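Here the structure comes first, spelled out in structure tokens, and everything after it is commentary.
Computed from a prediction, not measured in an experiment: that's the story for all the values here. Residue numbers begin at 1 in each chain, while the letters A, B, ... track the order of the sequences.
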Number of protein chains: 2
Amino acid sequence: MNNMQIIKTQDAHCAHDKRVSCGNCRLNAICLPISLHVEDIDRLNSIVQRSKPLQKGEYLYRASDEFDSVFAIRSGAVKAVSISDKGDEQVTGFYLPGEVVGMDGLADNVYTNSVIALETSSVCEIPFNRLEELSLQIPTLQRHFFQLMSREITQDQQVITLLSKGSAEARIATLLLSISSRNGRRNLSTNDFILPMSRTDIGNFLGLTIETVSRIFTRLQKSNLIAVDKKEITIIDMEVLRNIANGND
Amino acid sequence: MNNMQIIKTQDAHCAHDKRVSCGNCRLNAICLPISLHVEDIDRLNSIVQRSKPLQKGEYLYRASDEFDSVFAIRSGAVKAVSISDKGDEQVTGFYLPGEVVGMDGLADNVYTNSVIALETSSVCEIPFNRLEELSLQIPTLQRHFFQLMSREITQDQQVITLLSKGSAEARIATLLLSISSRNGRRNLSTNDFILPMSRTDIGNFLGLTIETVSRIFTRLQKSNLIAVDKKEITIIDMEVLRNIANGND
DNA sequence: GTAAATACTTGATTTTCATCAATCTATAGG
DNA sequence: CCTATAGATTGATGAAAATCAAGTATTTAC
């Protein structure tokens, strides 16, 4: 814990703040509006804090913490989980580099999810008050955040559709394709990637037991649609996988 | 069709525009930020168009229509449905008076859902361009719309949790409690209400077949937790219903 | 390096809900 | 009014995934 503090301080206030800026971040095509002027990017950059490298299992924030920032994932991966009244966890989403998490907290000024690092991850913290002020001055930025939130809504609704209609196989296939295409956005391989989350997290997110997740992975592997080696996934037949995801068996 | 056009015109441009304003709308506690100044409410009111009374089954807009407005439901009820690649419908939500629909369209400037009236419904159309401009001038309004979208996100995530974890009984119970509490916000009875949607819509939304929906209704009725008379629901034992919704059987 | 704990896999059985089928009710149209 | 059609209920059967159980593999901790 103390260790972490030290790392944080070094990593963030010394190294990161100087190295990285929104202007030169290779993720800015994903997390920034393309039409932002250079000087506006600088203004945004000036409110962004890069002070939070997280170790695996560490919390970025916890449900019921006071909301004050949204966070862009810069490297690594995180999961958002909410706790039901009964006390059990529900994974509500996975967030990869370039994606923004924390927008659930705005509604009641309190986060409804906890966000936990799935691996060592660094994030950009964007204080929402400052972002709000800046959005009043930069219409494009206001529009961008409306769009970011809208995208979160449409994605959540796609998950609703998946859970409402899809078989276990379709759910797994859809998740794999989702991660694949999100890797594509970052110019990483769409056919070969490491799953950042455990089978348990996958099952929790998709409403399946861990046993079912495991069985589906082996089934998809036996059908020669994917190759599974621990957390490494190779998509062998993208087309058939898409059909399965869409429920066309 | 022609008929409808006529009704629209009469109803809206003559009657509605004069009778109703955001200032005197009894739903404004739900759909407006409380802290808005009187003159700001007037400015908002001036961009709101009340020209769309819908008959049951009519579309407010269709998926892939160009996005240009969000809509506040003033009376009645609507459902949002998306069409999967396979071509089948998925109900992604129900919207009651005071609630705002259409925010999914912002992400790509195209609606991802179609919205259909479940009964005769009137709506307030809020052109988004105008709303954006106004939001730049009225910080509270900007904040309000961020919050509205955030609430949509948290609600969708609750649905994800429900579908991921809940039994058929828990799903139905949760839907009933949701409608009950939303009626409460409008000072309507929380124990006695008319379901605006069909069993088919309920099943579609909750990922259940219509037969299962029907069976659960009879089961809950036999257990004396609710009384069902067609679409009229009376909640008899709210406490036990809550337990069922939370999975504590 | 070994022990302990955690993550994952595989198999046997049970449960829940979907599917198939029949019937009933209500609403609309001629 | 009576029929046609859509919506809803109820029952019998089947399938998919959960549960229960045992075991293997991989980290983590000492």
Inset, instruction - Write down the distance between CZ (R219(A)) and P (dT10(C)), rounded to a whole number of angstrom. - result: 12 Å

Inset, instruction - Verify the distance criterion only: is there a donor paired with an acceptor across the side chains of T112(A) and D104(A) at less than 3.5 Å? - result: yes

Legend entry - Proximal nucleotide (of dT19(D), dA8(D), dT19(C)) relative to the T209(A) side chain: dT19(D)

Inset, instruction - Starting from the C-alpha separation in whole Å, work towards a yes-or-no answer on side-chain hydrogen bond (donor to acceptor under 3.5 Å, both in side chains) for E125(B) and S69(B). - result: CA-CA 6 Å; E125(B) 175 169 1; S69(B) 298; 2.7 Å; yes

Legend entry - Parallel, tilted or perpendicular: rings of F205(B) and F94(B) (30°, 60°): perpendicular

Legend entry - Side chains of S122(A) and S75(A), donor plus acceptor under 3.5 Å: yes

Legend entry - Interatomic distance where CZ belongs to R215(A) and P belongs to dA17(D) [whole Å]: 11 Å

Inset, instruction - Could you verify whether a donor N or O on one side chain and an acceptor N or O on the other, from Q90(A) and S164(B), lie under 3.5 Å apart? - result: yes

Inset, instruction - Tell me whether the OP1 or OP2 atom of dT27(D) has a side-chain N or O from K230(A) closer than 4.0 Å. - result: yes

Legend entry - Interface residues of residues 161-169 of chain A with DNA chain D (non-hydrogen, below 4.0 angstrom): S167(A), A168(A)

Inset, instruction - Round to the nearest Å and state the distance from D201(B) atom CG to dG7(D) atom P. - result: 9 Å

Inset, instruction - Round to a whole Å and report the spacing from CD1 of I172(B) to P of dC17(C). - result: 10 Å

Inset, instruction - Please work out which of the three classes, parallel, tilted or perpendicular, describes the rings of Y111(B) and Y61(B), given edges at 30° and 60°. - result: parallel

Inset, instruction - Quick one: label G207(B) by what it contacts on the DNA or RNA (base, sugar-phosphate, nothing), any heavy atom closer than 4.0 Å. - result: sugar-phosphate

Legend entry - Non-hydrogen side-chain atoms of T92(A) and T161(B) separated by less than 4.5 Å: yes

Legend entry - Whole-Å gap separating P (dA26(C)) and CD (E232(B)): 14 Å

Legend entry - Interatomic distance where CD1 belongs to I233(B) and C1' belongs to dA8(D) [whole Å]: 13 Å

Inset, instruction - Pick base, sugar-phosphate or nothing for K231(A), based on heavy-atom distances below 4.0 Å to the nucleic acid. - result: sugar-phosphate

Inset, instruction - Report yes if a side-chain nitrogen or oxygen of T212(B) is closer than 4.0 Å to either non-bridging phosphate oxygen (OP1 or OP2) of dA18(C); otherwise report no. - result: yes

Inset, instruction - Consider the side chain of E211(A), meaning its heavy atoms from C-beta on, and name the nucleotide among dC20(D), dA17(D), dC20(C) that approaches it most closely. - result: dC20(D)

Inset, instruction - Select base, sugar-phosphate, or nothing to describe what S198(A) touches, counting heavy atoms under 4.0 Å on all strands. - result: sugar-phosphate

Inset, instruction - Identify which nucleotide among dG11(D), dT9(D), dT10(C) has an atom closest to any side-chain atom of T218(B), counting heavy atoms from C-beta outward. - result: dT9(D)

Inset, instruction - Check whether any side-chain N or O of R199(B) sits under 4.0 Å from OP1 or OP2 of dT9(D), and answer yes or no. - result: yes

Legend entry - Gap between atoms CD1 and P, on I210(A) and dC20(D) respectively (whole Å): 15 Å

Legend entry - Value in whole Å for how far the P atom of dA7(C) lies from CG of L195(A): 15 Å

